[in-house]
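Worth saying up front: this structure is predicted, and the values here are computed from it rather than measured.
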Amino acid sequence: MLKEYLTIENVVGPVLLIKHVTGVKYAELVEIEFPDGSRGLGNVLEVTKDAALVQSFEGTAGLNNTQTRVKFIGRGMELKVSKDILGRVFDGLGRPIDGGPELIADKKLDINGSPINPIARDYPSDFIQTGISAIDGLNPLVRGQKLPIFSGSGMPHPKVTAQIARQARVLGKREDFAVVFAAMGITFEEADYFINEFRSTAAIERAVLFINVADDPTVERIATPRMALTAAEYLAFDLDMHVLVIMTDFTYYCEALREVSAARKEVPSRRGYPGYLYTDLATIYERAGRIKGRKGSVTQIPILTMPEDDKTHPIPDLTGYITEGQIILSRDLHQRNTYPPIDILPSLSRLKEKGIGEGKTRDDHSALSNQLFAAYSRGKEAKELAVILGEAALSQTDKKFADFADALEANFISQGEDENRTIEETLDIGWKLLKILPRHELKRVSDELVDKYMDNK
């Protein structure tokens, strides 16, 4: 028999202090009955000798200390899972919001899960094609990798996110592929956009959506990514599927952590965020990967908006330490109407070389990628020099590199929102652009590759 408590001592924001409790565990699920008879959920944040600190997922409006009942369930928060979760839309706590029936669960899984044991990890090695040249050609996504997108306020990361979700697939033999999408703190308009994008392209049939909108309880955002990853792990490691998890926006997630931390009166760290922000993010990001002996995999693309486009802000800074690279969106490219506005020079995929090459993409991929990077960098430098000294100060070779940089942005980086390029098309565009440069300047591709690919384009 579960005990009910009427011993709420204090309420601060979404956090309740409950006295005289016994047998309570950390992260235990809590049922809260409000004075009007409505019920909500929460979980245990902290336990002392005879008190428990509980965060309410439904907020604390209408709650009072003497009439609100609290019941400790004796288990952590769980997600019902079965193969029928594909094609469904849930709220941030895993409850259906698409008008469909309640899920008949094959099993219930604790959403907190655990990071994959390093000994059991298999190294990421398979290329995932997103159909976006600036990613596939230069900073490719590898199955089992965690590759975040760093964006800014007003940037088109929702469009880029939706395009990746629609187009992503594993190359080679036919594999079961699914997308798990988690939205945290987004607007109603964004939520409608994502849901309609999935439904209008039939991508919903291989997707699971978890939607937490801006006016949902803030603390619900803390559970949302864990719900999504629990669903992904079930699809990957129970059903042998390759799962791409896209989570947006981690800035709102971290702000929810900061709000709860302030309510708990914890000593703040950088910019008011809790000192355990790094650890908390790691418990989410490290749930990506492959397991030896298992066919399935979990690949992550977290999206975060950098406050004031500041890459040194704690959220992108700590994310960069944990993940294997980053894709950075450029405000300058966006203002020049380039879509997707991916800034390729500071972007990085640390696992690039593990997922490309002969038998995976094409034998010229690595060398061509290095050549495009080098030529674009030199072209950008030439353009900056022209701004300072005038175009007349540039040599003929520098002018060629400047032209190459413009052409790369216009023809390689830029593409349509619905344009799904194969990796072969992406690499062929790269070779065509290299024709702008004198052949003796192509120092990062071998003569054999030039003869095989560029001279035939």
Rounded distance (nearest 0.5 Å) linking atom OH of Tyr278 with atom OG1 of Thr319: 10.0 Å
Sub-4.5 Å side-chain heavy-atom contact between Tyr376 and Glu409: yes
Side chain to side chain, Ile128 and His242, heavy atoms closer than 4.5 Å: no
Cation-aromatic face contact Lys107/Tyr234, 6.0 Å, 45 degrees: no
Exceeds 12 heavy-atom contacts within 6.0 angstrom, atom CD of Glu424: yes
Leu389 atom CG: more than 12 heavy-atom contacts under 6.0 Å: yes
Sub-6.0 Å ring centroid separation between Phe181 and Phe198: yes
Between CG on residue Leu103 and CD1 on residue Ile85, distance to nearest 0.5 Å: 7.5 Å
side-chain hydrogen bond (donor to acceptor under 3.5 Å, both in side chains) assessment of Asp136 paired with Thr130: CA-CA 6 Å; Asp136 294 347; Thr130 66; 2.8 Å; yes
Over 12 non-hydrogen atoms of neighbours within 6.0 angstrom of OH in Tyr321: no
Heavy-atom neighbours of Lys400 NZ exceed 12 at 6.0 Å: no
Ion pair check, Arg199 and Glu205, cut-off under 4.0 Å: no
Result of checking Gln335, His334, Arg336 against Asp332 for side chain to side chain donor-acceptor pair (under 3.5 Å): Arg336
Glu391 atom CD: more than 12 heavy-atom contacts under 6.0 Å: no
Residue pair Gln163 / Gly416: nearest heavy atoms and the distance that separates them: NE2-O, 3.3 Å
Side chain to side chain, Asn43 and Gln55, heavy atoms closer than 4.5 Å: yes
Glu308 side chain reached by Met306 side chain, heavy atoms, under 4.5 Å: no
Arg444, CZ atom: more than 12 neighbouring heavy atoms under 6.0 Å: no
Lys/Arg N to Asp/Glu carboxylate O, Lys159 vs Asp418, below 4.0 Å: no
Working for side-chain hydrogen bond (donor to acceptor under 3.5 Å, both in side chains), residues Ser366 and Glu353: CA-CA 7 Å; Ser366 179; Glu353 297 298 332; 2.9 Å; yes
NZ/NE/NH1/NH2 to OD/OE distance under 4.0 Å, Asp309 and Arg331: yes
Side-chain heavy atoms of Lys354 within contact of Pro124, under 4.5 Å: no
Criterion salt bridge (Lys or Arg N to Asp or Glu O under 4.0 Å) on Glu102 and Arg95, from CA distance to verdict: CA-CA 8 Å; Glu102 280 292 325; Arg95 298 170 296 203; over 6 Å; no
Validation row: Thr305, His157 side chains within 4.5 angstrom (heavy atoms): yes
Separation between CG of Asp406 and NZ of Lys380, rounded to the nearest 0.5 Å: 9.0 Å
Charged tip of Arg258 within 45° of Tyr273 ring normal and under 6.0 Å: yes
Output field: ring centroids Phe250/Tyr253 closer than 6.0 Å: yes
N-O pairing of Asp122 and Arg294 below 4.0 Å: no
Close side-chain approach of Arg264 and Glu46, heavy atoms under 4.5 Å: yes
Spacing of CG belonging to Leu372 relative to CD1 belonging to Ile344, to within rounding of 0.5 Å: 7.5 Å
